[in-house]
Undergrad: 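Before we start, here is the structure in question, set down as structure tokens.
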Amino acid sequence: MRYKQISNTLFIENRDRFIAQMKPNTIAVLTSNDVNHNNADDVMGFTQNNDLFYLSGIDQEESILVLYPDAAKPENRAILFVIETSEQIKIWDGEKLTKEQATAISGVERVEWVQDFEKLLQLMAFEADGFYLGHNEHVKRVTFNQQTQQDRMILWEKKNIHCIIYIVFPKLHGIYVQ
């Protein structure tokens, strides 16, 4: 572990502050960063999306946080999606979080496998009036020719979820919505 475990109350408080800024009946979707490859046999060290870490404490690739504070079903108000692990993934990519570990770290009670994200989000989208999607506000000087996980999420949402889309921008000491 790169650092001592942080109390999940910090992430719960961060989510509460963020949710207080959301427009009524909207859903926020924040994704992890991609794992960048050096070549076919090697990857660079993983660095988590700051916004996702700020709201969940999850420092693992292929993770998505969905916040829908006005959801009709209480279990849909906060959902964390993480990669389902296996013995093969453990051998080649290392340990991944269990659902229980993800809950302990983040304080999010409902944790699902990332492969169920699209199905669950599409069911919830019919209730919502808009979406907040994370995006880096800085000019893409270094990654101008790369499509990030956040870019792919925005394109997917525009194609599959016909709703108003707001963008979440990072800010020093947290994130704000616009």
Undergrad: So, taking the atom named OG in S56 and the one named CG in N8, what distance separates them when rounded to the nearest 0.5 Å?
TA: 11.0 Å
Undergrad: Distance check, rounded to the nearest 0.5 Å: L30 atom CG versus Y132 atom OH?
TA: 12.0 Å
Undergrad: Output the distance between atom CG (L67) and atom CG (N76), rounded to the nearest 0.5 Å.
TA: 12.0 Å
Undergrad: For residues F18 and A28, report the shortest heavy-atom separation together with the two atoms involved.
TA: CE2-CB, 3.6 Å
Undergrad: Report the residues that fulfil side-chain contact (heavy atoms from CB on, under 4.5 Å) with T103, sequence neighbours left out, ordered by chain and then residue number.
TA: E109, V111
Undergrad: Which heavy atom in A102 sits nearest to a heavy atom in V82, and how many Å separate them?
TA: CB-CG1, 4.2 Å
Undergrad: Hey, could you give me each pair passing salt bridge (charged side-chain N to carboxylate O under 4.0 Å, His left out) that has a residue in residues 75-88? Not counting sequence neighbours.
TA: none
Undergrad: In chain order, what residues pass the side-chain contact (heavy atoms from CB on, under 4.5 Å) check against Q88, with sequence neighbours excluded?
TA: S86, W92
Undergrad: Taking E62's backbone N and O only, do any of them form a donor-acceptor pair with S32's side chain (distance below 3.5 Å, no angle check)?
TA: yes
Undergrad: So does L97 get a backbone contact from the side chain of Q60, meaning a donor-acceptor N/O pair under 3.5 Å?
TA: yes
Undergrad: Return the CD1 to CH2 distance between I83 and W113, rounded to the nearest 0.5 Å.
TA: 9.5 Å
Undergrad: How would you list, by chain and number, every residue that makes a ring-ring contact (aromatic ring centres under 6.0 Å, His included) with Y68, sequence neighbours excluded?
TA: none
Undergrad: According to salt bridge (Lys or Arg N to Asp or Glu O under 4.0 Å), who are the partners of R17, at least two apart in sequence or on a separate chain?
TA: none
Undergrad: Please report the shortest heavy-atom distance between A125 and F131, naming the atom on each side.
TA: CB-CZ, 3.8 Å
Undergrad: side-chain hydrogen bond (donor to acceptor under 3.5 Å, both in side chains) with D116: which residues, sequence neighbours excluded?
TA: none
Undergrad: With sequence neighbours left out, write down each residue that passes side-chain hydrogen bond (donor to acceptor under 3.5 Å, both in side chains) with T85, or none if nothing qualifies.
TA: none
Undergrad: Would you please name every residue forming a side-chain contact (heavy atoms from CB on, under 4.5 Å) with E95, sequence neighbours left out?
TA: K90
Undergrad: So, the side chain of D70 versus the backbone of P24: is there a donor-acceptor pair under 3.5 Å, distance only?
TA: no
Undergrad: With side chains defined as the heavy atoms from C-beta onward, is the minimum distance between R15 and V108 less than 4.5 Å?
TA: yes
Undergrad: For a side chain to side chain contact (heavy atoms under 4.5 Å, CB included) with R110, tell me which candidate from V66, L80, L120 qualifies.
TA: L120
Undergrad: Considering residues at least two apart in sequence or located in another chain, which fulfil the side-chain contact (heavy atoms from CB on, under 4.5 Å) criterion with L123?
TA: none
Undergrad: Taking I6 as the starting point, is it possible to reach I12 by hopping between hydrophobic residues whose side chains are less than 4.5 Å apart?
TA: no
Undergrad: Do you know which of L52, I64, L65 makes side chain to side chain contact (heavy atoms under 4.5 Å, CB included) with T31?
TA: I64
Undergrad: Would you name the heavy atoms of F117 and V29 that are closest together and state the gap between them?
TA: CZ-CG1, 4.0 Å
Undergrad: In terms of hydrophobic clustering (I, L, V, M, F, W, Y; side-chain heavy atoms under 4.5 Å; direct or indirect links), are F81 and M124 co-clustered?
TA: yes
Undergrad: How would you list, by chain and number, every residue that makes a side-chain hydrogen bond (donor to acceptor under 3.5 Å, both in side chains) with E127, sequence neighbours excluded?
TA: none
Undergrad: Set out, in order, the CA-CA distance, both residues' side-chain angles and the distance that settles side-chain contact (heavy atoms from CB on, under 4.5 Å) for K96 and E61, then state yes or no.
TA: CA-CA 9 Å; K96 302 297 174 196; E61 71 279 6; 2.4 Å; yes
